[in-house]
Amino acid sequence: MEKKDLNWSEIGFAYHVTNMRYVSNYKNGAWDEGGLTADANIVLNECAGILQYCQEVFEGLKAYTTVNGDIVTFRPDLNAERMMDSAKRMEMPPFPKERFLDAVEQVVKANADWVPPYGSGASLYIRPYMFASSPVIGVKPAEEYQFRTFCTPVGPYFKGGAKPLTLCVSDFDRAAPHGTGHIKAGLNYAMSLHAHVEAHKRGFDENMFLDPGTRTYVEETGGANFLFVTKDNEIVTPKSDSILPSITRRSMLHVAEHYLGMKVTQRQVRLDEIGDFAECGLCGTAAVISPVGRVVDHGREICFPSGMDHMGPVIQKLYDTLTGIQLGTVDAPEGWIHKIC
Ligand SMILES: *Cc1c(COP(=O)(O)O)cnc(C)c1O
């Protein structure tokens with residue numbers, strides 16, 4: 001198989017139209033058999049539920065070329081399960097786990113020429129999603145849905161090394177108490193776009209959102225979970241019902257505990273204690289872990305001892321170990337690496 005002739009280190013995080021994508025439709029109470037299509041466009045009725053009341057959920061995962069030349073995905077079973085949880089909360093029919101895994105496999109195989117080679121730092125980003133496709137005007141769940149999975153190659157998240165980020169404590173909330181902060185739905189992103197644009201205008205890289213009930217505890221950014229390192233070399237991650245359960249963060253905790261022998265704790269983290277931590281990072285599929293150097297809380301600056309030039313030593317070790325597991329240079333826990341071809 002001939003790889004696409006792309007400058008893998010320069011492609012950035014952008015959409016490229018690849019060869020094939022997977023589609024399945026839900027109608028009369030059942031999913032059809034589904035399959036691949038070359039058509040990247042969707043034709044919808046003007047009154048489709050997704051367009052009117054935003055009934056949609058999605059996932060994001062990557063395929064990598066390992067050091068042995070295999071194409072693999074990382075813990076796709078957890079994406080499948082999370083998408084079922086998201087769908088249930090949105091009154092949508094869950095797409096079965098085995099079918100989700102099959103769809104991802106078919107899409108990656110059909111686009112193998114788009115999977116960046118080992119050593120390029122790039123990977124194939126896979127986007128499964130589903131939405132209400134039938135007309136809805138009175139407020140209720142739709143009767144018909146479409147599940148799709150497409151993929152696009154993405155470049156290395158950190159070109160020229162990981163520069164620590166500067167965050168601002170947001171005056172907006174990304175989720176409501178007892179709302180939908182814990183599911184992966186486009187609506188959570190729609191409502192945080194304004195905060196995102198405002199933070200960028202003021203020169204910040206990301207927002208730090210606080211718990212929407214009391215605005216006392218740290219939640220997450222718009223698309224990544226926090227991980228802190230204490231001065232005693234322990235890992236702490238915020239606990240809250242309105243945080244998205246990041247697969248990267250859950251994997252990091254396992255790596256910290258079982259590969260690096262560190263103590264890990266999940267608990268509520270107060271905004272007024274973060275200045276006591278030694279390192280701070282953001283976990284998500286896109287960047288694996290991005291170091292945070294500074295948090296600005298309305299004129300008060302909290303600077304982590306790891307500084308603004310490079311990742312702190314613990315976050316670097318976590319990053320190296322997890323990317324090593326994904327690329328086949330470090331032994332993976334049972335079941336984490338799913339070989340496709
Ligand atoms: C997807 C997402 C994350 C990261 O989750 P991963 O499974 O690690 O990719 C974190 N926060 C939000 C809001 C997300 O949508």
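This structure is a prediction, so every number in the text was calculated from the model and none was measured. Each ligand, and each atom within it, is numbered from 1 in the order the structure gives.
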Do any N/O atoms on Arg82 end up under 3.5 angstrom from N/O atoms on ligand 1?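 N/O-N/O distance below 3.5 Å exists for this pair.
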Is any N or O atom of Thr285, backbone or side chain, closer than 3.5 Å to an N or O atom of ligand 1?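 For ligand 1, there is an N or O atom that lies under 3.5 Å from one belonging to Thr285.
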Does a donor on one side chain sit under 3.5 Å from an acceptor on the other, for Arg249 and Thr237?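 Their side chains do not contain a donor-acceptor pair, so the 3.5 Å distance test is not met.
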Can Ser240 and Glu219 be counted as having a side-chain donor-acceptor contact under 3.5 angstrom?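 There is such a pair between these side chains.
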Does ligand 1 have a heavy atom under 4.0 Å from the side chain of Ser246, from its backbone, from both, or from neither?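 The answer is both.
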Select one of side chain, backbone, both or neither to describe which atoms of Thr248 lie under 4.0 Å from any atom of ligand 1, heavy atoms only.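 Both parts.
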In the protein, which heavy atom is nearest to [atom], and how far is it?
atom	result
atom 15 (O) of ligand 1	Tyr189 OH, 2.4 Å
atom 11 (N) of ligand 1	Glu220 OE1, 2.6 Å
atom 13 (C) of ligand 1	Gly222 O, 3.2 Å
atom 1 (C) of ligand 1	Lys184 NZ, 1.4 Å
atom 3 (C) of ligand 1	Gly223 O, 3.3 Å

Could you check whether any heavy atom of Arg174 sits closer than 4.0 Å to an atom of ligand 1, since that is the contact criterion I want to use?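 Flag set, Arg174 near ligand 1.
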Is the shortest side-chain N to carboxylate O distance from Glu81 to Lys97 below 4.0 Å?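 A salt bridge links Glu81 with Lys97.
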Does Lys184 come within less than 4.0 Å of Asp85, counting only side-chain N to carboxylate O?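 Here Lys184 does not pair with Asp85 in a salt bridge, since their nearest N and O are not under 4.0 Å apart.
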[X] vs [Y] aromatic rings, parallel, tilted or perpendicular, using cut-offs 30° and 60°?
X	Y	result
His196	His200	tilted
Phe147	Phe95	parallel
Phe150	Tyr15	perpendicular

